[in-house]
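Counting starts at 1 for both ligands and their atoms, following the listed order. Predicted model only: the values in this text are computed from it and were never measured.
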Amino acid sequence: MSGESETVDGTGTSSGREAGTAVVAGAGIAGLATAIGLRRAGWTVTVLERRAAPERYGTAFGIHPTAQTALDRLGLGDALRARAVPYRHARIRRPDGTVLAVLPLERIERRAGRPELLIARPHLIDALLAELDRLGGTRIAYGQPLTDPGALDADLVVGADGINSVVRTAYFGSRSGPRPIGTVAWIGIAGFATGLYGETWGEGRFFGMTPVEPSRTNWYATVPAATTARGVRDAFADWHDPIPRVLAATDPETWIRYEMRHLHPALPRFVADGRVALVGDAAHAMTPNLGQGACTALLDAEALTRAVAAGPDGLPGALRAYDAERRRSARRVAFGSRNLHRFMTARRPALRDALLRMLPG
Ligand SMILES: Cc1cc2nc3c(=O)[nH]c(=O)nc-3n(C[C@H](O)[C@H](O)[C@H](O)COP(=O)(O)OP(=O)(O)OC[C@H]3O[C@@H](n4cnc5c(N)ncnc54)[C@H](O)[C@@H]3O)c2cc1C
């Protein structure tokens, strides 16, 4: 049962053997989605989560059509669509409100036949936990930080333990850890719908707004120098409407502040030892500029569990197949996201803005 907290036995695995036994470290998006995929393939799964309970905070995730397909394959497409909202009609603007370009959402929708969606992180976590409950047979051990992946007696060990992954460090060393990129991000949800969405790019900083739920607006901002909520409000005080109103309407107690970091250099492999796989931020934490953190985690989870569905006997080959399917693709997205960050926060924005105006509408 996903809601219970149990002591993990010495092996860290569940008793009983079906297709194989797996220990998944981390009950975030990547870990829960991986547990669902493994469970659907008949594996016996234990999830170790260092926190004492599921964390239901967080703002919105963009879910690209490819990640929606991954959720469909994991049996979660309907649950996603029940809580998500489409993302359309978004523009890139200058701080004075002048439109520079159109975000390519309509093009994505035309190509994929369905729109980009946005869902609040707590709703996605709830949907994943509900599906695990429905499937049964998965144990989530809360308050159980994994410290020694090598000691686990399971067929498969999945590192879904986020940007500071213990599993990654155990197999790729402490130099594989994340590096700051020198920017602080702030995210929050305002209690009204702005009806005006997209991103506003200024000199060295940007502000984004998306829908997330009726009567609410998801926002994110980066300000290199701001260290307080007041500093953030001051930094955007003379930007176009509704940016100052959005910041004024969000209680600073609810803002999330984090230092932007990414894994650089990229890992040489997402798998190790013939029985260990990394998924999500543990494998390829990236800057959030392309909004692909949750999408890539879901694509990893679906690809990994599809590859290992055959059972533990062919595991080394399945892990190689997972690595081949996901590593290059995730690296491309992470590289694109980092470069987009540089472009968005250019210190001399005139050239950037001129280039943006040349993009197709
Ligand atoms: C509480 C929370 C709120 C977030 N809010 C946002 C947001 O609003 N917007 C946004 O864009 N991104 C947010 N993120 C990040 C986003 O969820 C990830 O970038 C993305 O979804 C990839 O998810 P992940 O599962 O790989 O990593 P994460 O979401 O970081 O999940 C990793 C999980 O592993 C657990 N863990 C870590 N170390 C261990 C260990 N040694 N043993 C066992 N468990 C361990 C962590 O507690 C966590 O639950 C948030 C992350 C968290 C944890």
Side-chain angles (χ1 to χ4, degrees), residues 2 5 8 12 23-36 46-64 67 70-71 118-129 139-152 157-170 177-178 185-189 208 210 212 216 218-222 250 254-263 270 277-302 304 326 330 333-334 337:
S2 65
S5 172
V8 181
V23 173
V24 177
I29 304 297
L32 295 174
T34 301
I36 289 169
T46 301
V47 180
L48 304 181
E49 169 55 49
R50 71 179 165 145
R51 296 172 196 259
E55 279 290 355
R56 294 195 73 268
Y57 76 79
T59 58
F61 286 141
I63 306 291
H64 190 272
L71 281 169
L118 282 149
I119 186 165
R121 183 178 186 277
H123 292 331
L124 186 54
I125 291 280
D126 285 349
L128 293 165
L129 286 172
R139 183 158 59 112
I140 300 189
Y142 290 107
Q144 295 282 345
L146 176 63
T147 51
D148 184 3
L152 293 170
V157 174
V158 181
D161 47 347
I163 190 164
N164 296 314
S165 172
V166 165
V167 181
R168 183 186 64 235
T169 306
W186 300 75
I187 55 180
I189 295 189
T210 75
V212 54
R216 303 179 88 200
N218 169 61
W219 60 264
Y220 47 93
T222 67
T250 316
T254 65
W255 298 17
I256 300 171
R257 174 192 192 277
Y258 66 95
E259 186 175 24
M260 284 166 66
R261 294 180 298 163
H262 67 155
L263 289 192
F270 287 178
L278 297 171
V279 290
D281 282 3
H284 48 63
M286 59 185 73
T287 67
N289 304 76
L290 280 172
Q292 291 286 317
C295 295
T296 46
L298 292 167
L299 290 169
D300 292 348
E302 193 280 323
L304 173 65
R326 290 297 306 143
V333 177
S337 207

Which pair of non-hydrogen atoms, one from [X] and one from [Y], has the smallest distance, and what is that distance?
X: Arg168; Y: Gly162; result: NH1-O, 3.9 Å
X: Leu263; Y: Gly177; result: CD2-C, 3.8 Å
X: Gly280; Y: Ala30; result: CA-CB, 4.0 Å
X: Ala70; Y: Leu299; result: CB-CD2, 4.1 Å

Structural part of [X] in contact with ligand 1, heavy atom criterion under 4.0 angstrom:
X: Arg51; answer: side chain
X: Val166; answer: side chain
X: Thr147; answer: neither

ask   = When you check the side-chain N and O atoms of Thr250 and Trp219, is any donor under 3.5 Å from an acceptor?
value = yes
message = Could you work out, for atom 39 (C) of ligand 1, the closest of Asp161, Val47, Ile189 by heavy-atom distance?
response = Asp161
inquiry  = Nearest non-hydrogen contact with atom 50 (C) of ligand 1 belongs to which option: Arg121, Arg56, Arg50, Glu49?
reply    = Arg121
Counting from 1, what ligand 1 atoms have a heavy atom of [X] closer than 4.0 Å?
X: Leu48; result: 43 (C), 44 (N)
X: Ile187; result: 7 (C), 8 (O), 9 (N)
X: Thr59; result: 7 (C), 8 (O), 9 (N)

With respect to [X], determine whether any N or O atom, backbone or side chain, lies less than 3.5 Å from an N or O atom of ligand 1.
X: Gly31; answer: no
X: Leu146; answer: yes
X: Glu55; answer: no
X: Ala30; answer: yes

request  = Run through Thr210, Leu118, Asn218 and flag the one making a side-chain contact (heavy atoms from CB on, under 4.5 Å) with Thr59.
outcome  = Asn218
task = On the 0 to 90° scale, with breaks at 30° and 60°, tag the Phe270-His284 ring pair as parallel, tilted or perpendicular.
result = tilted
task = Determine whether any heavy atom of Pro288 lies closer than 4.0 Å to an atom of ligand 1.
result = no
task = Look at ligand 1 and say whether Phe61 reaches it with a heavy atom at a distance under 4.0 Å.
result = yes
key: Nearest-neighbour protein heavy atom for atom 26 (O) of ligand 1, which is reported as residue plus atom name and distance   = Asp281 N, 2.8 Å
task = Could you check if a side-chain atom of Tyr142 sits within less than 4.5 angstrom of a side-chain atom of Pro54, using non-hydrogen atoms only?
result = yes
task = May I ask you to test the Val167-Leu146 pair for a side-chain heavy-atom distance under 4.5 Å?
result = yes
request  = Look up atom 15 (C) of ligand 1 and tell me if a protein heavy atom lies less than 4.0 Å from it?
outcome  = no
message = To the nearest 0.5 Å, what is the distance between CD1 on Ile187 and CZ on Arg257?
response = 12.5 Å
